[in-house]
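Proteins come first, then strands; the chains are lettered A, B, ... in the order of their sequence lines, and each starts at number 1.
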There are 2 protein chains.
Amino acid sequence: MPRFRVPEITVERLSIYLRALKKFPEEKVLSSQELAELVGTTDAQVRKDITYFGEFGIPGQGYHVGKLKEEITHILALDREWELALVGVGKLGTALLAYPGFKKKEFRIRAIFDNDPKKIGIRIEGLIVRSVEKISETLSRYGIKIGIITTPAEAAQDVADRLVRGGVKGILNFAPVRIIVPEKVKLKNVDLSMELETLSYFLSEGTSTGSHNF
Amino acid sequence: MPRFRVPEITVERLSIYLRALKKFPEEKVLSSQELAELVGTTDAQVRKDITYFGEFGIPGQGYHVGKLKEEITHILALDREWELALVGVGKLGTALLAYPGFKKKEFRIRAIFDNDPKKIGIRIEGLIVRSVEKISETLSRYGIKIGIITTPAEAAQDVADRLVRGGVKGILNFAPVRIIVPEKVKLKNVDLSMELETLSYFLSEGTSTGSHNF
DNA sequence: TAGATTGTTAATCGATTAACAATC
DNA sequence: TAGATTGTTAATCGATTAACAATC
């Protein structure tokens with residue numbers, strides 16, 4: 001529905017706006033200024049982001065919470081159910097399985113995989129751990145379109161290849177490595193080492209031992 | 001040391017370059033082109049990122065792996081040890097405590113906190129869980145400058161305030177909420193819901209039920 | 001109507017890319 | 001020297017911000 005190409009950062013902010021909106025009653029009307037303050041951006045940014053998709057506001061008034069929530073929910077395709085596969089049932093994978101976000105209806109983990117024979121067959125959060133060998137056939141069978149990688153770095157590329165063969169269209173990668181996927185597949189990386197190292201840089205800035213300003 | 005203001009995205013890419021470099025022998029020389037391919041960017045980008053900080057390459061040859069690794073390590077301040085505090089010893093917090101990145105010397109979790117009386121006092125990965133009440137005094141005492149928030153959304157702002165009072169200069173926030181910190185404190189968000197919702201958007205693009213292209 | 005705030009265009013800002021002289 | 005690739009400047013691209021007519 002957008003009139004033009006939408007920047008990814010705009011889509012990310014829509015998700016943030018939606019979360020903020022959920023704290024208000026449906027009937028409330030919020031101005032772009034108020035919404036901006038809630039999420040730490042500017043009123044112009046809010047209006048620009050929203051108008052990529054349509055005219056959902058009331059001039060002179062603002063945005064009706066219920067209406068805007070509904071529109072963003074539809075834009076982000078959260079008015080449907082997505083089934084997910086998770087590969088790598090280590091500490092992080094298990095933690096994500098219990099994540100409240102996966103108890104909601106929009107996203108539901110449907111299949112889980114590991115390459116450790118000791119784990120295959122056991123049940124976690126109601127799901128049986130399958131062998132990574134079964135990834136593509138299982139995903140094809142279930143029509144799963146989103147995969148989450150929580151394996152060690154070494155296994156991530158092979159797992160990604162299997163997910164792609166199984167027909168996924170999106171991958172959320174937590175392994176600390178840059179994986180390569182076909183252009184058609186949307187890849188998002190969550191890179192803890194990178195985040196920490198970036199913090200390290202900014203913290204060392206402006207200290208006597210490593211100023212980074214001129 | 002940089003001559004000009006450095007974009008955050010450049011710092012993030014330096015972290016990625018560094019990880020790629022670690023797979024090569026010290027004596028090897030890589031061109032910006034080769035390095036770019038390894039991490040999925042362009043040769044011009046690699047050179048631009050690096051030259052914010054100095055001239056580390058050899059015209060006609062490329063970049064000496066050992067030398068470049070050393071320089072980036074120094075730029076990112078990874079040639080020192082950072083002590084961290086982690087707040088919220090639930091599934092995700094516990095998973096992060098076991099994360100291999102925290103077994104290395106650059107980042108070490110030194111103190112952990114929770115608000116659940118049943119958890120306070122127990123030992124996890126060699127650390128005793130303290131009460132969130134003790135955050136600021138403990139951080140001041142130890143001189144901890146980085147905090148990780150793995151609490152539920154409701155607790156995150158209070159925890160952030162305590163971390164700031166304790167003197168942290170950087171926060172890595174995993175709670176699904178936008179927290180507010182003083183300008184001097186560097187905040188990085190890892191937002192799983194947002195990542196999934198962005199994937200949802202891109203996957204619904206170009207499908208019959210919700211095309212987002214014109 | 002007067003006041004407020006949207007939607008949108010134009011101006012600005014900042015990051016990426018292209019191109020090439022310098023140099024190993 | 002000839003070939004290759006850096007470091008850097010200028011051109012391009014894209015996102016943010018400012019400003020204001022339209023409109024509730």
- Check the distance between D:dG3's C1' and B:Gln33's CD and give it to me in whole angstrom. 15 Å
- Who is the Watson-Crick or G-U wobble partner of C:dT17, with both distances under 3.5 Å? D:dA10
- Query: Between atom NZ in A:Lys48 and atom C1' in D:dA15, what is the gap in whole Å?
  - Reply: 8 Å
- Message: Tell me which one of B:Ile149, B:Leu92, B:Ile109, B:Thr151 satisfies side chain to side chain contact (heavy atoms under 4.5 Å, CB included) with B:Leu86.
- Response: B:Ile109
- Task: Would you give the length of the straight line joining atom CZ of B:Arg19 to atom OG of A:Ser193, rounded to the nearest 0.5 angstrom?
- Result: 5.5 Å
- Note on the structure: From CG of A:Asp49 across to C1' of D:dT17 the rounded distance in Å is 12 Å
- Nearest listed nucleotide, side chain of A:Glu55, among C:dT17, C:dT8, C:dA15: C:dT8
- Message: Let's see if you can work this out: which of C:dT6, D:dT17, C:dA18 has an atom nearest to the side-chain heavy atoms of A:Ala44?
- Response: D:dT17
- Measure the CD-OH distance between A:Glu137 and A:Tyr142 for me, rounded to the nearest 0.5 Å. 10.0 Å
- Nearest listed nucleotide, side chain of B:Arg47, among C:dA19, C:dT8, D:dT23: C:dA19
- Query: For D:dC24, what is the paired nucleotide under Watson-Crick or G-U wobble rules, both distances under 3.5 Å?
  - Reply: C:dG3
- With heavy atoms under 4.0 Å as the rule, sort A:Ser32 into base, sugar-phosphate or nothing. sugar-phosphate
- Picking from C:dT17, D:dA15, D:dC24, which would you name as closest to the side chain of A:Arg5? D:dA15
- Item | Nucleotide of C:dG7, D:dT16, D:dG7 approaching A:Tyr63 most closely (side-chain heavy atoms) | C:dG7
- Is any NZ, NE, NH1 or NH2 atom of the basic residue among A:Arg47 and A:Asp43 found under 4.0 Å from an Asp or Glu carboxylate oxygen of the other? yes
